[in-house]
Amino acid sequence: MAYSEKLLDHYDNPRNIGSFDKNDGGVGTGLVGAPACGDVMKLQIKVGADGRIADAKFKTFGCGSAIASSSLATEWVKGKTLEEAEKIKNTEIAQHLSLPPVKIHCSVLAEDAIKAAIKDFRTKQGSKDKAAE
Amino acid sequence: MSQSENERFNQSPEAGAVAPCWSCKQPVAARALFCHSCGAVQAPGQLDHFARLGVAPGFDLDLDRLEKQYLGFQRAMHPDRFVTKTAKERAIAEQQAVSMNEAYETLKDPLRRAAYLLERAGTTAAVDKDQTVHDPELLMEAMEAREQLSEVATIDDLEKLQVEAGAKAIDLISQLSKAFAADDLDAANRAATRMKYWRKFLEESRARRAALEDAL
């Protein structure tokens with residue numbers, strides 16, 4: 001199978017690999033999996049005081065397309081507000097990396113990971129707000 | 001299966017719908033390999049994998065019996081037995097062999113068997129779907145195991161992880177068995193997904209081992 005240069009670049013030099021402390025109140029963690037291939041993906045966002053995503057990290061155990069998709073996702077969410085980041089579509093990721101049709105679900109996994117991380121952050125903020133009341 | 005046992009089975013409800021033989025038009029059960037009237041080989045009927053191999057449906061299978069049944073049927077459909085037959089009969093025997101292979105490959109593997117039982121009960125297993133799962137406990141387990149694997153530095157330590165993973169995979173077979181016995185499809189689906197992750201782990205651990213050996 002021929003992979004695109006962009007995909008190979010993200011695979012060979014993954015951006016933002018690593019972890020944040022998931023108990024940090026400013027961090028949102030998305031943990032998702034694709035049981036069909038046994039892949040697991042963790043994507044974390046760190047939200048600044050201005051409400052924008054200041055930093056993002058990922059850790060993915062899966063195929064090259066899953067690694068590239070999550071690497072690209074961390075690059076794209078940085079600097080965005082949560083509302084903007086939520087709008088990132090798997091089709092954009094797939095298109096950017098020229099994913100072959102059988103690997104489209106890897107980009108879906110990355111989109112779902114972003115959404116899960118945002119959801120986790122919001123849940124934490126909600127419980128913090130409640131605690132402050 | 002003995003001759004009489006086979007006859008009894010072919011007349012039981014599990015033998016499938018009765019249809020006319022393509023050759024002599026006499027009625028034949030879907031499960032029958034040959035027409036009782038004219039002896040012509042019959043095309044694979046609409047049967048589930050259990051009925052096709054003549055074993056009772058369920059997760060707990062007698063694997064020896066499954067294999068025996070499969071090998072017996074495969075022998076009956078062996079091309080050598082059809083050299084003097086017509087091209088049509090040879091083609092039908094081959095279709096039968098393909099259907100039996102599929103049934104056997106599906107049933108002999110606990111994970112594929114579990115997924116097949118879920119499908120049969122009307123739910124597609126998560127391992128058969130291109131769908132994201134969010135089960136934190138399950139994913140955390142998978143993530144931690146894969147992290148450990150990526151950090152392991154010696155073959156001894158790797159083997160310890162492999163032994164643990166193998167034990168988990170075996171334990172999941174009994175969890176699947178319990179879940180199906182209790183008709184708890186959600187639990188079965190989840191156990192199947194966990195098994196898939198442990199298998200993936202074992203697969204990756206072999207690659208990791210090769211890398212460690214190369215580094216020696």
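This structure is a prediction, so every number in the text was calculated from the model and none was measured. Proteins get letters first, then strands, A, B, ... in listed order; numbering begins at 1 in each.
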Chain A shares the most heavy-atom pairs under 4.5 Å, among B:E147, B:R199, B:H134, B:Q131, with B:E147
Side chain to side chain donor-acceptor pair (under 3.5 Å) between B:E105 and B:N101, intermediate numbers included = CA-CA 6 Å; B:E105 293 300 324; B:N101 269 334; over 6 Å; no
Measure B:E204 against the heavy atoms of chain A and call it side chain, backbone, both or neither at under 4.5 Å.
-> neither
Can we say A:E111 and A:K115 salt-bridge, meaning some charged N sits less than 4.0 Å from an Asp/Glu carboxylate O?
-> yes
Exactly one of B:K200, B:R146, B:Q162 clears side chain to side chain donor-acceptor pair (under 3.5 Å) with B:S205, and that residue is B:Q162
Please work out which of the three classes, parallel, tilted or perpendicular, describes the rings of A:H96 and A:H10, given edges at 30° and 60°.
-> perpendicular
Answer with yes or no whether the side chains of A:S19 and A:K42 bring together a donor and an acceptor at under 3.5 Å.
-> yes
More than 12 foreign heavy atoms under 6.0 Å from CD of B:E159: is that the case here?
-> yes
Pairing of B:D157 and B:K160 as salt bridge, 4.0 angstrom limit = yes
Within residues 43-79 of chain A, which positions have a heavy-atom distance to chain B below 4.5 Å?
-> A:K59, A:F61, A:G62
Options A:A116, A:A34, A:A113, ranked by heavy-atom pairs under 4.5 Å with chain B, top entry = A:A34
